[in-house]
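Numbering of residues begins at 1 and proceeds along the displayed sequence. Fair warning: this is a prediction, and the values are worked out from it, not measured in the lab. When a ligand or atom number is given, it counts from 1 through the structure's own listing order.
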Amino acid sequence: MDNKIFIFDTTLRDGEQVPGCKLNKKEKIELALELESLGVDILEAGFPISSPGDFEAVHEIAKLLKETTVCGLSRAVQKDIEVAAEALRPAERRRIHTGIGTSDYHIRSKFNSTREDILQRAVQCVKWARNYTDDVEFYAEDAGRTDNEYLARVVESVIAAGATTVNIPDTTGYCLPHQYGEKIAYLINNVPNIHKAVLSCHCHNDLGLATANSIAGIIAGARQIECTINGLGERAGNTSLEEVVMIIKQHGHLGFYTEINAMQLNPMSRKVSETMRMPVQPNKAIVGANAFSHSSGIHQDGFLKDTQTYEIIAPEEVGAESSKIVLTARSGRSALAYRFQKLGHQFNRNDIDILYPLFLDVADTKKEVYDEDLQILAESHKMVSI
Ligand code: KIV
Ligand code: ZN
C-alpha cells in the first residue's frame with residue numbers, strides 16, 4: 001500500500017460553516033489559490049446547492065485550480081448532485097462528494113427510515129454522481145456511531161456502485177482513537193472490494209480528539225485525511241491540517257508522507273484567520289502565537305543551552321517567526337542575560353545578580369517585561385556603576 005496521505009482540505013466548506021466565518025466569492029477564490037500552493041491534494045470548495053453565491057464561488061475556483069482536485073459537497077439528492085456537477089464542470093480535476101447518514105440516530109430520527117432504504121439511497125447517489133465524473137467520494141455521515149457490520153455493507157455497496165473514496169466521518173467527535181482505528185481496520189478486513197477505494201478520515205473535535213482519531217485512522221489503513229486550517233469547522237471544529245501534517249513529518253518512522261509545503265503553514269494560518277476574522281488561540285499547536293515562546297526559567301535555561309531541549313519543531317520549518325524568550329516573573333537569570341544581550345548590553349554574572357531582583361520587582365507588577373522596561377533597568381544600572 002502506498003504511504004502517501006492525501007490531504008483533503010475542507011476549510012472552505014466545513015470551516016466556512018462556523019458562525020462568523022462566512023466568505024464572499026473573492027475571499028474564497030483567494031484562499032483556494034493559496035491552498036493549492038500549500039499543496040493540498042483535494043479542496044472542498046463548497047456546497048453548491050446551498051446558495052447561488054456558493055455555486056458561483058465553486059464554479060470560479062473550478063476554473064482556476066490546475067493541480068488540486070476541486071470537490072463539491074452534495075446530499076444524496078439528485079438535484080444536489082446535478083448542481084454540484086454543473087458548478088465543477090470547468091475543473092481540470094473534479095470530485096463530487098455525496099452521501100447520507102448511516103447511524104441509527106440519522107436513519108431513525110433524521111430520515112424516519114430503515115437501514116435497507118438508506119443503503120439503496122447511498123448506492124443511488126453514487127450512481128448519479130458517476131454520470132458526471134469518475135472521481136466520486138461517498139460519506140457515511142455519523143460513521144463514528146454507525147454499527148460496523150452495517151457500515152461495512154454500505155461501504156461495499158457504494159464501492160460496487162463506483163465510489164473511489166469512502167469517507168468515514170466521526171461527525172459528532174464521539175470516538176476514542178483506538179475505536180476509530182478499529183473501525184477503519186474492520187472495514188479493511190471485512191469489505192471484499194475495499195482495495196478499489198481510498199478510505200478517508202473526517203473527524204470532528206467535540207472531545208478534542210479529532211487529530212488523534214485521524215492519525216489512528218491512517219495507522220489502521222486509511223489514506224486520506226479531511227482537515228481544515230486552524231482546525232476550523234462545525235461546533236468544536238475539524239481535524240487541524242497543520243497538526244496532522246506535522247505529526248506525519250515528525251513521526252517519519254510511521255512511513256507516511258504528505259505533499260504539503262510545511263513552510264507555508266504559519267502564513268496560511270494567518271491568512272485564513274484574517275480573512276475569516278477568526279483569531280487563533282495563542283496555545284494552538286504549530287500556528288499559535290505561543291507555539292514557539294518560552295517563559296519559565298527552567299525551560300528558558302534549557303532552551304538557551306540547546307533549542308531541542310524544549311522544541312521538537314524549529315519555527316522556520318513551519319514558517320513561524322523565530323522562537324521567543326518571553327520575560328515574566330517566572331523567568332530566570334539566563335533568559336534575562338540573553339534578552340539584555342539582544343538589546344546590546346553585555347552584562348557579566350555580577351551585573352545580572354544585581355539586576356535580577358530589580359527585574360523581578362518589575363515583573364511582579366505586570367504580565368510581561370518588555371524591551372523598554374529592560375532598557376530602563378540597564379540604563380539605571382550603568383548610572384549606578386559609574
Ligand atoms: O461531519 C460530517 O459528517 C460532514 C459530512 C458532510 C462529510 O461534514
Ligand atoms: Zn464535518
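- In terms of polar-atom proximity, D142 is not counted as a contact of ligand 1, lacking any N or O under 3.5 Å from an N or O of the ligand.
- Under the 4.0 Å criterion applied to side-chain N and carboxylate O atoms, K4 and E259 are assigned as salt-bridge partners.
- Of the protein's non-hydrogen atoms, the one nearest atom 4 (C) of ligand 1 is H202 NE2, 3.5 Å.
- Tracing side-chain contacts under 4.5 Å through hydrophobic residues (I, L, V, M, F, W, Y), one never reaches Y370 starting from Y338; they form parts of separate clusters.
- Listed by number with element, the atoms of ligand 1 under 4.0 angstrom from any heavy atom of E141 are 3 (O).
- The nearest protein atom to atom 3 (O) of ligand 1, hydrogens excluded, is given as T171 OG1, 2.7 Å; this is a heavy-atom distance.
- Geometric assessment of R95 against the ring of F8 yields a negative cation-pi assignment under the 6.0 Å and 45° thresholds.
- Ion pair E116/R153 flagged as a salt bridge, since at least one NZ, NE, NH1 or NH2 atom sits closer than 4.0 Å to an Asp/Glu carboxylate oxygen.
- At a threshold of 4.0 Å, the pair R277-E27 counts as salt-bridged, since one of the basic side-chain nitrogens sits closer than that to a carboxylate oxygen.
- The aromatic rings of H97 and Y139 sit perpendicular to each other, their planes meeting at more than 60°, with 30° as the lower class boundary.
- Look at R333 and D301 and you find no salt bridge, because none of the NZ, NE, NH1 or NH2 atoms lies under 4.0 Å from a carboxylate O.
- Between R13 and ligand 1 there is a heavy-atom distance shorter than 4.0 Å.
- Residue T10 does not touch ligand 1, judged by heavy-atom distances below 4.0 Å.
- Neighbours of the Zn ion (ligand 2) restricted to protein N, O or S atoms under 2.8 Å: the count is 3.
- Remark: the Q224 side chain and the T165 side chain contain no N/O donor-acceptor pair separated by less than 3.5 Å.
- Taking the six-membered ring for Trp and thresholds of 30 and 60 degrees, H204 and H202 have ring planes inclined between 30 and 60 degrees apart.
- Every atom of ligand 1 is numbered from 1 in the order shown, and the set under 4.0 Å from a heavy atom of N167 is 7 (C).
- Looking at atom 1 (O) of ligand 1, its nearest protein heavy atom turns out to be H204 NE2, 3.0 Å.
- The pair E60-K28 fails the salt-bridge criterion, with no side-chain N (NZ, NE, NH1 or NH2) lying under 4.0 Å from an Asp/Glu carboxylate O.
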